[in-house]
Amino acid sequence: MGRGRGMTSNDPSRASRLSGLTSRESDWAGLRVLVAGLGVSGFAAADALLERDAHVIVVDGSSPDASPAMAERARILEILDAELRFGPEHVSRMPSDPVDLVVTSPGWAPTQPLLAAAAQAGVAIWGEVELAWRMRPTEGAAPWLTVTGTNGKTTTVQMLTSILRAAGERAISAGNVGTPILEAVMDPQPFDAIAVELSSFQLHWSDSIRPQASVCLNVAPDHVDWHGSYDAYLAAKGKVYEGTEIACIYNVDDPQTERLVEEADVQEGCRAVGFTLGTPAPSMLGVVGDVLADRAFVEQRRHAAAELASIEDLRADAPDVAPHLVANALAAAALARAHGVEPGAVRAGLKAFRPEAHRIAHVATIDEVRYVDDSKATNPHAAAASLTAYEHVVWVAGGLLKGADVDDLVRSAAGRLRGVVLLGRDRATIAQALARHAPDVPVVEVAETDTGAMDRVVTEATSLAQPGDVVLLAPAAASMDMFDNYGARGDAFAEAVLRRSASEE
């Protein structure tokens, strides 16, 4: 049989070879791999495969001159003898060349024409996370501690990394945040542990991962357009638990996560461990008074608990500790404890942790009104978590809702709202929900989209606020209708607040 497009991965010899690729020491030489997308992860995948003498074809719908970074990646891969094919025609169908395997960038949906054609032809499709797992060394591979969830992934992974480092381990944050997972796996100096953030996209394209411990922080509708349905999105999140060795961590306050654990095929002896903002039962972590307590990884867990940290340890430079930050800390602590970290290192790591920008970031206090930037709250679930942190809020919201339903968010937050300032393309949808569920709350819509729009937003929000209130940017929506990204939106808000502060001095 010829090795044309008719030969698929259903061919026994090809399927057998792919199943045998379980470490970097496996025989990758001569494998014909199509790498879909020349982003950061695509470059890392192509580089790792070329290093093992695979034949690599890289396709990307854009031009290599789309950005200096893209041009540099293309130059390096050309030197390494990769085949590079740029332009829309190369991502609309499978090539006529024989292909043993497709490695896709996480943003490419299953409906993307090239990937759909590969699936129809029976060609195996791996994400870069699946490839990274299969590129681990046979001996001395660092255990993976995996984190997914609709919200809170990055904070939890970075908290976990801080804890691991406080325990004296060489650890790194990788995957959907920080270092590409392939770079972490291929580092010449092995890590003691890798804290891996996994998006639903990455999990969709992964099947072989066997983490030491895993967590799904929460699940709410998101990326349904990519997955095709909420059930498919939920199933992708649940894959984080598959094959877990020691502990599957779930959110007691989100029963969906416990059901995902119950449905997972885990390794013999793996435990289910819950985390809760309430008092923990045995086999849980939770909060007793102002103490983060562990009743899961102690010998006498029915009658005893280990003190891991206090709420005060999470405060950093902020005046408040939001409930969802406490939940993230409990999840990170549970993963670390499953890995064997002692309570003292958990406390030290959490005290040393500092959140990234635009995550419940205190900007300023002006006339007893606090201004908080949570621009990272790009969906209703994240905005709801942010709003629950404060008693009285002037809410700044709006942007691209991407079809998300905001009724539950508005209904639950109505009692906290002093006023609302809306901006962005889908502001009318939020205004309509407010009219239904919070008709007495004053609402101001800012139609401007120019660079001065945020100054008016802050002015209107300030006029609605009373001493003791919080003006909270928690948009519940993406930012690309007005800004390059959520960071630029948060920066614009903070700059407008600081200009107002300076004008009143």
Looking only at side-chain N and O atoms, does [Y] offer a donor or acceptor that is under 3.5 Å from a partner on [X]?
X: T150; Y: Y233; answer: yes
X: T154; Y: E197; answer: yes
X: R136; Y: S23; answer: no
X: S173; Y: Q158; answer: no
X: H90; Y: D60; answer: no
X: D374; Y: S386; answer: yes
X: K237; Y: T148; answer: yes
X: N151; Y: N379; answer: yes

Closest contact, heavy atoms only, [X] versus [Y]:
X: A213; Y: A338; value: CB-CB, 3.8 Å
X: A345; Y: A166; value: O-CB, 3.6 Å
X: A45; Y: L182; value: CA-CD1, 3.3 Å
X: A195; Y: L160; value: CB-CD2, 3.7 Å
X: V252; Y: G274; value: CG2-CA, 3.9 Å
X: P137; Y: G140; value: CG-C, 4.4 Å

What is the distance from atom [atom1] of [X] to atom [atom2] of [Y], rounded to the nearest 0.5 Å?
X: D254; Y: T257; atom1: CG; atom2: OG1; answer: 5.0 Å
X: E128; Y: M135; atom1: CD; atom2: CE; answer: 12.5 Å
X: L260; Y: C248; atom1: CG; atom2: SG; answer: 10.0 Å
X: Q212; Y: E245; atom1: CD; atom2: CD; answer: 6.0 Å
X: S206; Y: L198; atom1: OG; atom2: CG; answer: 6.5 Å
X: I163; Y: F353; atom1: CD1; atom2: CZ; answer: 9.5 Å

For the pair [X] (side chain) and [Y] (backbone), establish whether a donor and an acceptor sit closer than 3.5 Å, ignoring hydrogens and angles.
X: Y241; Y: I249; value: yes
X: D481; Y: R425; value: yes
X: S162; Y: G349; value: yes
X: Q112; Y: L114; value: yes
X: R24; Y: V185; value: yes
X: D426; Y: T429; value: no
X: R416; Y: A413; value: no
X: R93; Y: P113; value: no
X: S214; Y: P211; value: no
X: S105; Y: A36; value: yes

pair [X]-[Y]: side-chain heavy atoms closer than 4.5 Å:
X: L31; Y: H55; value: no
X: L131; Y: V33; value: no
X: F86; Y: L38; value: yes
X: D97; Y: R32; value: yes
X: I172; Y: T161; value: no
X: L325; Y: I360; value: no
X: N328; Y: M159; value: yes
X: F43; Y: E183; value: no

| task | Evaluate the side-chain contact (heavy atoms from CB on, under 4.5 Å) criterion for residues V35 and I57: first the C-alpha distance (whole Å), next the side-chain angles of each, then the deciding distance (0.1 Å), finally the verdict. | result | CA-CA 6 Å; V35 174; I57 303 167; over 6 Å; no
| query | What residues, two or more places apart in sequence or in another chain, satisfy salt bridge (charged side-chain N to carboxylate O under 4.0 Å, His left out) together with E130? | reply |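 Counting only residues at least two positions away or on another chain, E130 forms a salt bridge (charged side-chain N to carboxylate O under 4.0 Å, His left out) with R134.
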| said: Under the rule for salt bridge (charged side-chain N to carboxylate O under 4.0 Å, His left out), what residues qualify as partners of D408, not counting sequence neighbours? | reply: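 Once residues adjacent in sequence are excluded, the partners of D408 under the salt bridge (charged side-chain N to carboxylate O under 4.0 Å, His left out) criterion are R411.
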| Heavy-atom neighbours of E89 CD exceed 12 at 6.0 Å |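 Yes, enclosed.
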Could [X] and [Y] be called an ion pair, given the rule that one side-chain N must be under 4.0 Å from one carboxylate O?
X: R337; Y: D294; result: yes
X: D192; Y: R165; result: no
X: D265; Y: K239; result: no

| task | Kindly say whether the aromatic ring centers of W133 and W144 come within a distance under 6.0 Å. | result |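 W133 vs W144: aromatic centres under 6.0 Å.
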| said: Just to verify, what does H204 make a ring pair (Phe, Tyr, Trp, His ring centres under 6.0 Å) with, not counting sequence neighbours? | reply: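 Expected list: W226.
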| request: Report the C-alpha separation of V287 and T279 in whole Å, then their side-chain angles, then the decisive distance to 0.1 Å, and conclude whether the side-chain contact (heavy atoms from CB on, under 4.5 Å) test is met. | output: CA-CA 5 Å; V287 181; T279 302; over 6 Å; no
| request: Evaluate the criterion side-chain contact (heavy atoms from CB on, under 4.5 Å) for residue pair V129 and W205; output intermediate values, then yes/no. | output: CA-CA 8 Å; V129 176; W205 298 118; over 6 Å; no
| field | Evaluation steps, side-chain contact (heavy atoms from CB on, under 4.5 Å), between F201 and L203 | value | CA-CA 5 Å; F201 306 155; L203 285 162; over 6 Å; no
| request: In sequence, state the C-alpha distance, the side-chain angles, and the governing distance for R17 and D100, and then conclude on salt bridge (Lys or Arg N to Asp or Glu O under 4.0 Å). | output: CA-CA 10 Å; R17 183 175 185 196; D100 299 313; 5.1 Å; no
| request: Is it possible for you to check whether R271 lies under 6.0 Å from the centre of the six-membered ring of F297, through NZ or CZ, and within 45° of that ring's axis? | output: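 R271 over F297 ring: yes.
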